[in-house]
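The figures here come from the full heavy-atom set of this structure, side chains too, leaving out hydrogens, waters and symmetry mates. When a ligand or atom number is given, it counts from 1 through the structure's own listing order.
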Amino acid sequence: MVRNIFKISVVAIICNAMTVMTVNAQDINSSKSIETKIENIISLLTIEEKVAMCHAQSKFSTPGVERLGVPELWMSDGPHGVRGEINWDNWGYAGWTNDSITAFPALTCLAATFNPNLSKDYGISIGEEARYRKKDVLLGPGVNMYRSPLNGRNFEYMGEDPFLASKMVVPYIQGVQQNGVAACVKHFALNNQEVWRDHINVEVSDRALHEIYLPAFKAAVEEGKVWSIMGSYNQFRRQFCCHNDLLLNKILKKDWNFDGVVITDWGGAHDTKQAALNGLDIEMGTGTDGLTTSTKNAYDSYYLANPFLKLLKSGEIAEDVLNDKVRRILRLMFRTNMNPNRSFGRMNNQEHIDVARKIAGEGIVLLKNEASFFPIDASKKITIAVIGENATKSMTIGGGSSELKAKNEIAPLEGLKNRYKNATIKYAMGYASGPSAYDRVIPSTLDANKLKQEAIEVATKADIVLFFGGLNKNHLQDCEGADRKEFKLPFGQDELLNELIKVNPNIGVVLISGNAVEMPWISEIKALMQTWYLGSVAGNAIADVISGDVNPSGKLPFSFPKKLSDNAAHSFGELSYPGDGVNQYYKEDILVGYRWFDTKKIKPLFAFGEGQSYTTFELSKWTADKKEYTKNESILISGNVSNTGNIDGSEVVQVYVGKLNSKVNRAEKELKGFQKIEVKKGENAAASISIDVNSLSFYDESISNWNLEKGDYIIYIGNSSNNISKKIKITIK
Ligand code: GLC
């Protein structure tokens with residue numbers, strides 16, 4: 001009894017001792033004293049305790065050191081909200097009643113806002129919810145580049161351009177981490193499809209790796225100061241990315257000075273020595289691949305468990321290797337669950353709902369709007385036919401690990417009913433996808449023909465038809481673990497839409513998806529809106545934009561090709577996508593997305609950066625501050641944005657740059673700056689965008705480094721990659 005009374009956590013003593021020795025608050029958290037504390041704790045740990053910290057003890061936690069008061073580390077998905085509590089030992093949900101949360105819009109929507117300030121709000125809000133749910137690591141954001149429109153997880157990522165993703169990922173991470181919760185940027189790297197994701201070996205040039213696939217991760221580490229990163233399942237140059245010497249030791253930890261923790265994707269570790277020596281710090285989920293359940297694999301048999309301990313005890317692997325992992329883990333703990341100053345978090349509060357609604361409203365992209373079909377006046381006594389399962393289907397569940405247990409979810413139909421009190425809204429499902437499942441398709445048992453006839457009848461009698469189509473979170477749709485098998489809309493939507501157009505041409509389409517889709521009917525419809533997976537407030541945000549309460553200002557974060565074969569990755573046969581089951585070759589190299597369409601002169605259906613407003617804007621007087629620049633300088637591009645319409649709105653000025661007569665193959669132009677500017681109706685706003693000259697470099701494989709070519713460049717200024725209003729020639733001396 002006496003012993004217990006005096007058994008105070010040794011860690012607390014160390015922390016307190018350090019506190020006594022330090023003179024003021026900031027010293028407690030200064031990196032110097034933290035590093036000293038870390039070394040002290042390491043000196044107290046047994047080798048068994050240290051090894052235990054490097055691998056899971058349950059589905060989503062790693063052990064602490066009970067006798068010293070070192071806490072366990074708790075992780076949770078995902079990028080769009082804090083996932084429901086999972087069982088200790090399998091993927092089932094634990095059935096708690098206190099884990100319902102705010103579901104924020106998918107990161108494709110966040111990227112479509114082209115508004116880094118909203119990224120910060122997003123990160124702060126989701127970080128508060130993770131903190132309140134007592135999670136130390138939030139397993140997100142994902143920033144894998146959009147290479148194929150079939151990739152099941154594109155909805156979780158930030159599009160096809162590395163510069164846009166780099167600018168949008170940094171504030172999100174900063175926002176999460178100011179709550180004392182670690183963000184975990186993922187999946188590092190080259191996880192650009194779900195087909196064979198757990199083993200496919202990706203081959204890509206150094207140039208494309210550094211210019212396209214790494215920048216968002218580099219920004220997350222160097223600017224976002226992300227505290228953890230998740231290795232991806234696939235291989236790169238025949239080494240699994242979760243223990244890949246080039247990616248983790250050389251690029252991440254040496255070149256980028258990453259001082260955080262590398263965590264596997266669940267089941268991403270495959271070899272003890274490689275896991276020990278190639279930069280992995282925490283092994284999670286071995287024996288499962290993130291979606292399959294397997295409890296046969298006891299945690300002690302993990303690669304970084306007993307097999308690792310054995311190699312350490314035999315001296316085959318030096319204890320320093322282990323200490324570096326533990327040092328990083330303890331550093332993450334001092335930033336999170338051993339940080340005495342971290343906030344308390346909160347969740348399901350109005351501010352989070354407001355943030356979700358603002359991001360959703362700013363991310364919706366208006367792509368077509370003939371005869372001002374949108375906005376639809378909510379004061380009119382009209383009959384609106386709302387057709388489509390996507391108007392009522394829950395989109396916060398499904399999709400794989402990013403799925404959520406939303407406290408509330410307002411579907412589009414409900415949102416419209418809330419907003420259109422004077423109209424008569426008639427709903428018909430029109431098409432049916434079947435029950436939600438992540439690993440198999442369960443066809444609907446509803447009579448498809450009957451659904452179609454009912455929809456046609458409702459549409460015939462309406463003044464306006466709103467067709468809610470797109471994809472959903474079912475298997476083979478926008479869902480982890482598999483890719484789509486076709487580019488066209490599923491569940492007979494095209495056929496249904498063609499019937500609806502015949503009986504009522506006054507039709508607008510609202511697509512809900514995280515991917516581009518084929519649109520054979522595009523010329524027959526009056527209007528088109530791309531609204532992403534918008535989370536808890538989807539219906540309200542969609543009604544905000546349809547009614548004109550919110551003037552749309554979203555821009556596409558990825559291109560919509562007319563047909564799949566127009567897409568770069570799909571232009572080089574099976575070996576390019578999806579590979580031959582063993583290897584895959586990114587043959588389009590650096591020409592991903594609009595880079596491909598611009599350079600190959602292929603017109604996309606809708607372009608990267610495209611998006612309309614209910615008002616009109618004009619860019620004028622755009623200039624560069626000089627004609628000639630040298631490295632390390634900045635180019636200041638400035639000019640005017642005029643709102644020439646009669647509604648307040650926001651425009652995204654985009655600045656692309658291309659090299660003339662380059663000595664290497666380069667894209668016609670690449671995004672190097674953007675700014676979203678609010679302009680009141682009839683007014684002008686001055687704007688300026690600074691471009692770092694060094695960012696115009698290309699990755700030169702002959703010197704394995706960036707190379708700033710001298711000579712002439714063209715600066716393209718516009719409001720979309722395919723709507724350039726000004727070109728300026730400059731010279732780099
Ligand atoms: C999944 C996903 C990853 C997720 C992890 C834990 O397989 O690939 O994004 O964070 O496993 O659920």
Side-chain angles (χ1 to χ4, degrees), residues 55-62 73-94 99 106-108 126 130 133 135-144 151-158 169 176 181-200 216-217 220 226-235 240-242 261-270 280 282-295 297 302 397-405 438-439 473 475 478-483 514:
H55 63 82
Q57 67 168 1
S58 76
K59 265 279 163 275
F60 282 90
S61 71
T62 54
L73 200 62
W74 278 89
M75 313 174 186
S76 170
D77 289 311
H80 307 150
V82 189
R83 192 176 186 183
E85 209 61 31
I86 300 257
N87 289 329
W88 182 266
D89 243 347
N90 65 58
W91 288 107
Y93 281 100
D99 58 351
L107 295 192
T108 24
I126 194 173
R133 284 277 307 281
K135 304 305 178 183
D136 306 310
V137 182
L138 180 70
L139 301 169
V143 288
N144 293 101
N151 175 26
R153 295 187 82 174
N154 280 330
F155 73 96
E156 287 186 57
Y157 306 146
M158 295 187 172
V169 75
V176 169
V181 173
C184 183
V185 66
K186 69 189 186 181
H187 307 85
F188 190 64
L190 299 161
N191 178 190
N192 304 100
Q193 68 187 45
E194 291 299 288
V195 175
W196 300 312
R197 69 168 176 168
D198 57 355
H199 66 269
I200 193 79
F217 289 103
V226 73
W227 294 338
S228 67
I229 191 166
M230 186 187 294
S232 60
Y233 281 124
N234 53 285
Q235 298 183 69
F240 283 100
C241 292
C242 287
V261 176
V262 175
I263 303 171
T264 62
D265 199 337
W266 268 236
H270 299 273
L280 177 62
I282 293 185
E283 173 187 359
M284 299 300 289
T286 295
T288 72
D289 64 5
L291 289 173
T292 56
T293 294
S294 142
T295 47
N297 203 51
Y302 273 36
I397 61 165
S401 59
S402 64
E403 74 169 343
L404 296 172
K405 184 176 175 183
Y438 62 74
D439 56 357
K473 300 288 194 70
H475 183 58
D478 282 331
C479 182
E480 178 176 337
D483 288 349

Partner set under ring pair (Phe, Tyr, Trp, His ring centres under 6.0 Å) for His475, not counting sequence neighbours: none
Side chain to side chain contact (heavy atoms under 4.5 Å, CB included) partners for Ala56, two or more places apart: Met284, Tyr299, Tyr302
side-chain contact (heavy atoms from CB on, under 4.5 Å) assessment of Val143 paired with Val185: CA-CA 7 Å; Val143 288; Val185 66; 3.7 Å; yes
Contact residues of ligand 1, where a non-hydrogen atom lies under 4.0 Å away: Phe60, Asp77, Arg83, Trp91, Leu139, Arg153, Lys186, His187, Arg197, Met230, Tyr233, Asp265, Trp266, Asp289, Gly290, Ser401, Glu480
Note, Thr264 side chain near Leu280 side chain (heavy atom, < 4.5 Å): yes
Plane angle bin for Tyr157 and His187 - parallel if under 30°, tilted between 30 and 60°, otherwise perpendicular: perpendicular
By side chain to side chain contact (heavy atoms under 4.5 Å, CB included) - contacts of Ser76 (at least two apart): Val82, Arg83, Lys135
